[in-house]
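The structure under discussion appears below in the form of structure tokens.
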Amino acid sequence: MKKPFPFASALIALVSAAYFLIPLYATFQFSLQMVRGEWSLAAYRAVFASDTFIATITYSVVASLVAIMIGAAIVVPTIYWVRLKLPRLRPVIEFLSLLPLIIPPVVLVFGYIRLFGSSSYLPLTMSDQGTNFLLVMGYVVLALPYMFRSVDNGMAVIDIATLTEAAESLGASRLRTVATVIFPNVRSAIVSGAFLTFSISLGEFVLASLLNRPAFGPYLVQMGQDRAYEPAALAVMTFGLTWACMALMQYFANRKPGSRFVPRLPLSSAKGISP
Amino acid sequence: MNFLRIAAVSKSFGANHVVKEFNLDIDKGEFISFLGPSGCGKTTVLRMVAGFETPSAGRIVLNGEDITALPSRQRNIGMVFQAYALFPNMNVFDNVAFGLKVAGQPKAEIAARVSEMLKLIHLEHLADRYPYQMSGGQQQRVALARALAPRPQVLLLDEPLSALDAKIRVSLREEIRHIQRQLGITTIFVTHDQEEALSISDRIVVMNGGRADQIGVPADIYNRPATRFVASFVGTLNMIEATVLDQSGTVKIGETVVSLPEPIVHRQQGETVSLALRPEAGSLTGDLRGDTALPGKVLSTHFLGSVIRTKLDVAGHQVSFDTFNGPETRLPAAGEPATLRFAARDLLVLQD
């Protein structure tokens with residue numbers, strides 16, 4: 001017998017979707033109305049023509065990428081070591097990784113300014129480089145819960161202890177084991193963590209604004225105060241970027257080892273056992 | 001000289017003594033099984049040989065070299081794990097080639113060796129497959145090839161068949177034994193399955209509570225168990241208590257006097273002694289097997305296809321015996337009296 005159509009569930013899904021999609025559509029439509037009486041992409045053109053836009057988005061993209069690299073370099077070896085040698089410490093590390101969700105960014109940044117301000121032993125805020133470094137480290141902290149969870153889940157799926165032992169019994173050093181066995185098997189987890197970090201830090205406002213950095217978040221807010229149509233265009237573009245990040249994350253998370261970005265040609269798949 | 005010597009090895013995790021004074025000498029090319037229930041320390045001994053655990057006391061000597069403190073990667077010992085532990089990011093070829101690449105062998109030699117190994121396990125056609133594309137049995141064969149590829153001095157198998165279904169288990173264990181004989185590689189096989197251990201080993205080490213209870217060839221382990229634990233763990237056994245009448249070997253079971261083939265040296269007259277009898281050693285039909293008859297009462301009868309298992313009450317002990325099923329077989333029903341016949345020489349005297 002065919003199941004009856006789930007009207008109630010469909011209605012709830014529809015209402016929830018409308019709650020998100022209608023404002024998004026309204027913003028999109030508004031962004032097309034810059035030129036009176038016609039639909040146009042003038043607002044988008046205006047955004048791209050702005051030097052400040054290019055400068056701030058470049059700054060934020062670079063800062064986010066550096067944050068991803070530092071975050072991965074801290075999180076991956078930590079989780080590997082804790083899971084392998086100190087499993088009893090796992091709850092402690094997990095709790096530490098969740099702290100950024102409890103401590104608001106504004107508290108974090110005031111703490112930084114006090115700790116690394118002009119009168120401190122390490123006056124990082126006194127130079128551009130130092131302040132940039134503080135911002136990146138702030139991003140690393142903000143993204144820590146997501147990076148940690150993503151990589152931790154990745155390592156839970158594979159049995160790292162046994163894989164490490166298998167590699168060592170075959171003569172591999174610890175470094176080689178991590179590089180050739182552990183890292184490739186959690187790569188998709190690191191990539192999903194990276195996309196989450198990217199989408200969080202790209203539009204981040206509080207840290208960038210209070211550290212007075214030329215980042216994309218403060219630029220977005222400034223535009224919102226000064227202009228009408230451009231902020232709408234920027235909002236739509238930011239949405240698009242975040243969703244693209246999510247889609248890429250899904251793709252990498254579900255990718256099987258050995259699969260390519262595009263399917264292999266039949267000719268090259270007929271590889272024999274010789275290398 | 002022995003190829004692998006495990007001398008007085010102990011291992012404690014905090015206050016928990018997992019392995020106690022374990023001694024074993026293994027000859028080159030021997031197939032040894034560690035048999036015992038979970039928690040008996042068999043895997044811990046294996047892991048100490050592999051170098052994954054460091055002994056709290058004792059020495060491990062391989063081919064004349066003391067390897068007790070040597071890291072596992074320098075031991076040249078191959079290991080196969082219960083959960084296969086193939087590298088998920090590598091295909092079959094790369095998995096098998098891993099140890100050879102680590103050793104820095106030339107590409108052409110690696111290709112030849114991998115192809116030889118894959119031929120050995122009959123999986124040449126799956127070189128391109130990834131672990132998730134293969135069955136458990138295939139994965140374990142690849143794991144075996146991977147462990148053997150770098151020509152290890154010793155092969156360690158940690159319950160390699162436990163995760164497989166019954167049919168594959170039997171065929172793979174025969175394959176493992178065949179390959180082991182072909183390569184003549186010294187092998188330690190850890191299992192809790194007595195049938196597995198009995199069927200493929202040169203010698204078996206039965207472990208209990210961190211110690212080796214008995215070390216011997218399979219037939220000895222089964223026919224002449226040294227301790228009560230070995231007797232009860234390996235095969236099914238009926239335990240019967242008897243009273244010693246004299247130390248030359250005369251005992252009394254219930255009201256029946258039985259002469260044992262060997263004298264009883266460790267018990268005084270009047271003391272109780274535990275005797276054991278395998279289910280296949282007794283008979284309930286009138287075929288007059290053996291010289292001893294004990295009266296009893298049938299408690300229940302279970303039809304198992306080729307075999308009929310009868311539970312009896314004999315001199316206050318519950319025992320069970322197997323009879324081959326045949327068209328003429330008629331066994332007493334529950335509640336009926338029956339006579340259990342066996343040869344006194346089949347009775348095993350157990351030491352505690």
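Numbered from 1 within each chain, the chains take letters A, B, ... in sequence-line order. In this text, all values refer to a predicted model and were calculated from it rather than measured experimentally.
Summarising the local packing, CZ of A:Phe20 is surrounded by 12 or fewer heavy atoms from other residues, nucleotides or ligands at distances under 6.0 Å. In A:Tyr59, the OH atom is crowded: over 12 heavy atoms of neighbouring residues, nucleotides or ligands sit closer than 6.0 Å. Annotation: A:Arg187, atom CZ; neighbour count of heavy atoms from other residues, nucleotides and ligands within 6.0 Å does not exceed 12. Around the CD atom of A:Gln129, the shell of radius 6.0 Å holds no more than 12 heavy atoms that belong to other residues, nucleotides or ligands. Annotation for B:Arg177: atom CZ counts as buried by contact number, over 12 foreign heavy atoms lying within 6.0 Å.
Taking all atoms of both residues into account, the shortest heavy-atom contact from B:Met90 to A:Thr180 is CE-O, 3.6 Å. In terms of heavy atoms, B:Ala147 sits closest to A:Leu170 at CA-CD2, 4.4 Å.
Listed by sequence position, A:Ile158, A:Thr162, A:Leu163, A:Glu165 are the residues of residues 143-165 of chain A in contact with chain B, using a 4.5 angstrom heavy-atom cutoff. Residues of residues 154-163 of chain B never come within less than 4.5 angstrom of chain A, heavy atom to heavy atom. Of all residues spanning residues 171-179 of chain A, those with a heavy atom less than 4.5 Å away from chain B's heavy atoms are A:Gly171, A:Ala172, A:Ser173, A:Arg176, arranged by number. Residues of residues 45-55 of chain B having a heavy atom under 4.5 Å from any heavy atom of chain A, listed by number: B:Arg47, B:Phe52.
The distance from atom OG of A:Ser169 to atom CZ of B:Phe98, rounded to the nearest 0.5 Å, is 9.0 Å.
Looking only at distances, a side-chain donor or acceptor of A:Asn185 sits under 3.5 Å from a matching main-chain atom of B:Asn89.
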